[in-house]
Amino acid sequence: MLDESIQELESRSLARIASAKSPEELEAVRVDALGRKSGLTQFSREMGKLAPEERSRIGKLLNSAKQKLEEALEVKKQQFAEAALRARLDAEWVDLTLPAPGPRRGHLHPITRIQRELEELFVSLGFTVLDGPEVETEYYNFDALNIPAEHPARDMQDTFWLDGGNLLRTHTSPVQVHGMERLGPPLRMIAPGRAFRNESVDASHEHTFYQLEGMMVDREVSVAHLLYFMKTLLTAIFKREVTVRLRPGYFPFVEPGFELDIQCLICGGPGCAVCKQSGWVELLPCGLVNPNVLRMSGIDPEEWGGFAFGLGLTRLVMMRYGIDDIRHLQGGDLRFLEQF
Ligand code: DAH
C-alpha cells in the first residue's frame, strides 16, 4: 500500500516538474512534494508504526524518491536559469562595432575668438596686451583722458556710477593711462575687455560690450602711422578689402580725432537695422593722442607723440558673422552660439 503511494507520488511529482512553465510553478511543486506538509514527509512520519524490516525497506524507497525529485528539481531549475540568461542576452545585445555618438564639445565664443586673433596680430606687430580693472575711478575713466568734471563729453557716455564715486568703466581707454604710467614711452599696447554703459538696449546697443583699445607712443608718430596700422588691422579682420571712410570725430583724448567707418557688411550699403539705415558702420574711432593726456601721465609731449584707437569688438563680430542683433551675443542661447 505504502509502496504504491510513494511510487505514485514520485511519478506524479516528476511529471509536474517536467511540465513546470516557470520557476514559481517549480517551487510550488517542490513545496508539495518535499515540503513539511508534503506527502513524503507524511509518509516518513508513518514509518514509526511499521515493523523493523518493513521500516528499512520503506525508508530506502522514501530516500530514493526524495533524491530523484531533488535531482529533477535541480535540473529544471538550471534550465530556467539558462533560459533567463539567454533571454537577457538577446534583449540587451549591444553592437560594439557601431560608431559611438561622440561627446558634445563646446567652443570659444565668437567674441573670444576675434579677441584672440587680434591679440595675436598686434603681438606680431610689437604690441603688448594689457588688462585693466572693470571698476574704475573717475580719474582713470575721465580726468586722465582729458574729460574733466563738467566737461560736456561726460554726457556722451551714460555711466553706471557705484557707491563711493567709483564707476564701471565706460570704455577701455583708461587702460591707456595705466599703460603709460606703468610702462612709459616708447609704448605699443592693446587692451581688450568689457565696457559698460547705462543705455537702453536695442538691436545695436547693449549695456555690456567689448572693446579693444590700442595705443602707440613713440617719437614722431603721425596720422600716416595710424592709418597704416588701421588698414593692416582691417585687412586681417575681414580677410578682404573693405570700403572705409574717415571723418573728423571729436574725442577729448585725441587731437585730431577721427571716425573710421566701414561700409556695412550686412546690407552692403542700402541700409539696415545695424547701420541704422545709413549704409556705414562706425567701427574705429581714433586719433593722435592729445598732448594733455600724455602730460598727465608723465610723458613729455614735446618729445613724444602717439596714436590711439578704440575698436568695438562686439560690433566687429556682428559685421564679420552677419549678426543683425547685438542681444544674441550675450543671450546665452545655444542655438545661436552653436552656429559659430
Ligand atoms: N573710448 C572711446 C569710446 O569708447 C573710443 C575711442 C575713441 C578710443 C578714440 C580711442 C580714440 O582711443 O582715440 O567711445
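Quick note: numbers below take in every heavy atom, side chains included, and nothing from hydrogens, waters or symmetry partners. Counting starts at 1 for both ligands and their atoms, following the listed order.
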Subject >> Any residue meeting side-chain hydrogen bond (donor to acceptor under 3.5 Å, both in side chains) with Gln115, in chain and number order, not counting sequence neighbours >> reply: Glu119
Original post:
What is the distance from atom CG of Leu26 to atom NZ of Lys77, rounded to the nearest 0.5 Å?
Top reply: 8.5 Å
Original post:
Which protein residues have a heavy atom under 4.0 Å from ligand 1?
Top reply: Gln157, His171, Ser173, Gln176, Arg197, Gln211, Glu213, Phe251, Phe253, Val254, Pro285, Cys286, Gly287, Ala308, Phe309, Gly310
**OP:** Return the set of residues passing side-chain hydrogen bond (donor to acceptor under 3.5 Å, both in side chains) with Asp95 (not counting sequence neighbours), or none when no residue passes.
**Re:** Thr97
Listing, residues 178-189 side-chain donor-acceptor contacts under 3.5 Å, not counting sequence neighbours, or none:
{"from": "His178", "atom 1": "NE2", "to": "Glu136", "atom 2": "OE2", "distance (Å)": "2.8"}
{"from": "Glu181", "atom 1": "OE1", "to": "Tyr140", "atom 2": "OH", "distance (Å)": "2.6"}
{"from": "Glu181", "atom 1": "OE2", "to": "Tyr140", "atom 2": "OH", "distance (Å)": "3.4"}
{"from": "Arg188", "atom 1": "NH1", "to": "Leu125", "atom 2": "O", "distance (Å)": "2.8"}

Subject >> Connected via hydrophobic side-chain network under 4.5 Å: Leu108 and Phe209 >> reply: no
Subject >> Parallel, tilted or perpendicular: rings of Phe122 and Phe309 (30°, 60°) >> reply: parallel
